[in-house]
Amino acid sequence: NKANSNKADDDADQDDYGDDNQVEEGDDDTARRKPVAPYDRPKLADGTCTNRVVWIKTHKTGSSTMTNVFHRAAWKLDLEVVLPKDETFLGWPDERGLANSYLKPPGQVAPFDILCSGHARYNKRVMAQLVPDARYVSLVREPVTHFISSWNYWHTYEKIAARGGPPTCTNMVTFLEDINSDHPECADYARPFDMLLVHNSMSYDLGLPSTASADDVPAFINQVREDFDLLLITEHLVESLVLLKRLMCWKLEDVVPFSLKVSKKAKAPVDATLAAHIKKWNHADVALYAHANKTLWARIAKEGPDFFDEVDELKRLMASLTDTCSPWVKQNEFEHLKALVEGDRTLSPTAKRCHLSLLDSQGFVKLFKWQEGIPPGKWCARTPFDQYAFINPAFTDSDTVTNVLNRFGVTHGVHMALPADGETLNMGWPSTKNIKQRVHYDPEVENKRPPWYMAACSGRMRYDNKENIKTIVPHAKFFGLLRDPVKMFHHAWHSLELGEKLLQRGAPQCWLVEEFLRSYQACSEFLRPEEREVLRNPQVYAFGLDYDPKMDQVNTLIQHMHREFYLVLIHEYLDESLVLLKRKMCWDLEDIVYLRLMVQSPPVKMDRTTQHDILHMNQADDRFYHTFNRTLWRKIGWEVYFHEEVAQFRKLRLKYASDCASLKRLSQTRHLEALIDQRETLEPLHAKCHKMLLKAPAFVSFLKHRQKREEDDDDDFADRKDLMEGWNIQGK
């Protein structure tokens, strides 16, 4: 009989989960924000009012909307915020990880005021040390809709299928029937980590062990009753917010929400049998929700008649905020953050309020870090992402990018999937099948179950809807590299000396580029398959299409890659591409610094007709390239103070170009010999220079040697010479 208010019921954070990690507490030049006058915190007569609060952010409950409320209050009242090293997690899923997952700003000696910026599992002992004398608040949601939303959002069925689960375990109904049976089998196909998000997940976030039985639930509810000052309810969010306002002695304007990450899809009625199965399996969440709902309305009953006047006023303020902020509502979180950081002095009060109201949790974490004096390039302080796959069409300068990715793998101990064939670097190309059979055997990985690698970037792989490559690197973030089709065609034509080859093969009418393009169908008969594949739409071919695809196929591939690829780099803007990659992967500038390894092609001297003919023959590549070029610059446009970091990166590149100049003329064999034979005496700078100058085949040999050396404690790699000669490195 209670009115449902503002059902912010389908939000969820969108980053992958990260491990806890430690970083430096801050650089010497990291300045604290300028002190401001302390906020005059109101006190009740009994002295119980405080601004200190711990907000336990539960999954898939509408918590992003509520987190924004807490963040805006912290911003307005100038509270000291417990910030995650990354942008999302404060120790979750392990409550013990909290102590090592937050930033410790230079000069911070006093306790914090508020913990609200990341997912943290309830840990009273640590939280009370960080935020003493705090109110404890969380949010719960009706368990049936919560489970359905979680199952779908986290793609639990896909994760079960990926581990060999049968169809009965990927269907929600039959999964629940199995999991509630006397002899469940489906749980064997799901990682315990995945189950945390669908099995009593709200209770887990509030401290209930994942192994708890039904007998443990009453004690857990009693602990929640004792420790938590307020449990908000998603289905009654407006009433919950008025209670929060009164608990914290804030103003009503401080708790006006703007729904973030809320699904607009209509909810279908839930079958009674399905609901019963969900409630049985999520029995702790059912008990928790019943306790929260009962407590909420019991407290409201004691608030007096003016409580619902404030409820009505809050609804009015919510409608007003929605109307006021409509000009900015279509902007994304990157644009809101950039406006607040770069345009802070020029924003009107209304614009600033709306940008703050629409800023998601990760954006607010970055904003607070900026306020602490941390530059944008160092906002990400979590463990670097170290699982990736790289699709590299030929003649795109892929050696340079591959070198960057390989060096990161060496520096950070990444288990790399290496091509068994060290000369051609073929990992199934041009087939999209059987990639795993072309991977060099690494016993340290292959003896694990399941045998998963962390990265694949050294071999030639042809993309096929991601599934083929996921067989070896199932958790990889995907990158690609594209190049202007005209320049790519020109480079391939001259590097392969195709004009001379066509002349030798009895096609004198084809040896000039202009004649070849005019008579492509006839001239292509004199080309070998591996030559043809680098001249006709080679880039879309590398990403899984045919040489001459229909444009709707190209558009479908583009849409797929927008969803599945973390970033597509552009050869002509490699510095910008790599700095953006660095920010997204939480890497350092030292990780992405490079020396150009590609042999530079002659300057492009083509008339407009020839260029037009190349693009006409490569229409698919032309659309592909220009789409992702626009995407790159759109993403760059969202970044804060991005070009300043690019300038810093270019200075670093120039420094290494100077430091490594004396080694640039050495052969690939000499670089390998230095890294292998002199590794104990080689200066760190020279070691890095040698690595930066290794082309892909040589780097594969180096990585195989490292693997072999790790197997043999005696450091005797007798077949090193054979390994190098295996891909004909001598003399190169």
Side-chain angles (χ1 to χ4, degrees), residues 23-24 26-31 341-342 366 369-370 373-386 388 390 396-414 455 457 479 481 566-567 569-598 600 632-633 635-666 671 674-675 682-696 698-699 702:
V23 297
E24 301 277 336
D27 294 329
D28 294 336
D29 60 349
T30 301
V341 173
E342 294 188 3
K366 294 174 182 176
K369 288 180 179 179
W370 172 255
I374 301 174
K378 296 184 178 180
W379 282 347
C380 186
R382 56 151 286 151
T383 300
F385 290 111
D386 57 6
Y388 47 87
F390 179 48
T396 56
D397 202 4
S398 58
D399 258 354
T400 299
V401 178
T402 299
N403 179 278
V404 168
L405 300 178
N406 278 331
R407 280 190 289 112
F408 179 88
V410 170
T411 302
H412 295 272
V414 176
C457 61
F479 311 132
L481 176 65
Y566 213 53
L567 183 65
L569 294 78
I570 299 296
H571 167 272
E572 285 73 21
Y573 306 106
L574 192 57
D575 287 357
E576 292 86 351
S577 297
L578 286 171
V579 172
L580 187 59
L581 175 73
K582 169 256 178 194
R583 288 191 174 193
K584 286 183 168 292
M585 296 293 284
C586 300
W587 294 0
D588 294 325
L589 287 179
E590 287 282 350
D591 292 324
I592 61 168
V593 69
Y594 67 90
L595 301 172
R596 286 274 187 183
L597 295 177
M598 183 180 74
Q600 296 297 312
L632 174 74
W633 286 102
K635 291 181 177 180
I636 288 174
W638 296 336
E639 292 291 317
V640 176
Y641 290 117
F642 181 82
H643 297 288
E644 289 79 355
E645 189 171 16
V646 171
Q648 182 184 358
F649 176 55
R650 286 175 174 155
K651 289 181 181 179
L652 186 63
R653 279 191 56 211
L654 289 174
K655 176 183 179 300
Y656 274 101
S658 173
D659 292 342
C660 300
S662 62
L663 303 178
K664 289 190 69 172
R665 293 185 178 277
L666 295 181
H671 291 307
L675 289 167
L682 205 58
E683 294 182 7
L685 175 60
H686 284 170
K688 183 161 186 174
C689 289
H690 284 300
K691 291 172 189 172
M692 292 174 72
L693 290 163
L694 286 180
K695 295 182 180 180
F699 220 126
F702 172 65

TODO: Output the distance between atom NZ (Lys695) and atom CG (Asn406), rounded to the nearest 0.5 Å.
DONE: 15.0 Å
Task: Evaluation steps, side-chain contact (heavy atoms from CB on, under 4.5 Å), between Trp379 and Val640 - done: CA-CA 11 Å; Trp379 282 347; Val640 176; 3.9 Å; yes
Open item on the list: I'd like to know if the side chain of Ser577 reaches the main chain of Ile570, judged simply by a donor and an acceptor atom lying under 3.5 Å from each other, with no hydrogens or angles considered.
Closed with: yes
Open item on the list: Within a 6.0 Å radius of atom NZ on Lys655, are there more than 12 heavy atoms belonging to other residues, nucleotides or ligands?
Closed with: yes
Open item on the list: Would you compute the distance between atom CG of Asp397 and atom CD of Glu572 and round it to the nearest 0.5 angstrom?
Closed with: 9.5 Å
TODO: For the residue pair Thr383 and Cys586, establish whether any side-chain heavy-atom pair is separated by less than 4.5 Å.
DONE: no
TODO: Measure the NZ-CG distance between Lys378 and Asp588 for me, rounded to the nearest 0.5 Å.
DONE: 8.0 Å
Task: Check: Phe479 and Met585 side chains under 4.5 Å, non-hydrogen atoms - done: yes
- [ ] Could you tell me which non-hydrogen atom of Leu481 sits nearest to which non-hydrogen atom of Val401, and how far apart they are?
- [x] CD2-CG2, 4.0 Å
Open item on the list: What's the separation between atom CG in Leu675 and atom SG in Cys689, rounded to the nearest 0.5 Å?
Closed with: 10.5 Å
- [ ] Return the orientation label for the His643 and Trp633 ring planes: parallel under 30°, perpendicular over 60°, tilted otherwise.
- [x] parallel
Open item on the list: Would the distance check show the side chain of Arg407 and the main-chain N or O of Val593 forming a donor-acceptor pair, the cut-off being under 3.5 Å?
Closed with: yes
TODO: For the pair Asn403 (side chain) and Lys691 (backbone), establish whether a donor and an acceptor sit closer than 3.5 Å, ignoring hydrogens and angles.
DONE: yes
Taking distance alone, no hydrogens or angles, what donor-acceptor pairs closer than 3.5 Å link side-chain atoms of residues 644-651 to residues at least two apart or in another chain?
residue : atom : partner : partner atom : Å
Glu645  : OE1  : Arg583  : NE           : 2.6
Glu645  : OE1  : Arg583  : NH2          : 2.9
Glu645  : OE2  : Lys582  : NZ           : 2.4
Arg650  : NE   : Asp575  : OD2          : 2.8
Arg650  : NH2  : Glu576  : OE2          : 3.0

Open item on the list: I want to check something: taking the side chain as every heavy atom from C-beta on, are Val410 and Phe699 in contact at a cut-off of under 4.5 Å?
Closed with: yes
Task: Nearest heavy atoms of Val414 and Ala455, plus distance in Å - done: CG1-CB, 3.7 Å
TODO: Answer yes or no: is there a donor N or O on one side and an acceptor on the other, between the side chain of Tyr641 and the main chain of Pro376, under 3.5 Å?
DONE: no
TODO: First locate atom CG of Leu666, then atom NE2 of His671, and finally report the distance between them rounded to the nearest 0.5 Å.
DONE: 5.0 Å
Task: Test item: Tyr656 side-chain N/O and Met692 main-chain N/O as donor-acceptor pair under 3.5 Å - done: no
TODO: Locate the shortest heavy-atom distance separating Cys660 from Leu693; write the atom from each residue and the value.
DONE: O-CD1, 4.4 Å
Open item on the list: Using 0.5 Å steps for rounding, measure from the CG atom of Leu574 to the CD1 atom of Ile592.
Closed with: 9.0 Å
Task: For Pro384 against Trp587, the heavy-atom pair lying closest together - done: CB-CD1, 3.5 Å
Open item on the list: Just so I know, are the side chains of Tyr566 and Phe385 near enough to count as touching, which here means a heavy-atom distance under 4.5 Å?
Closed with: yes
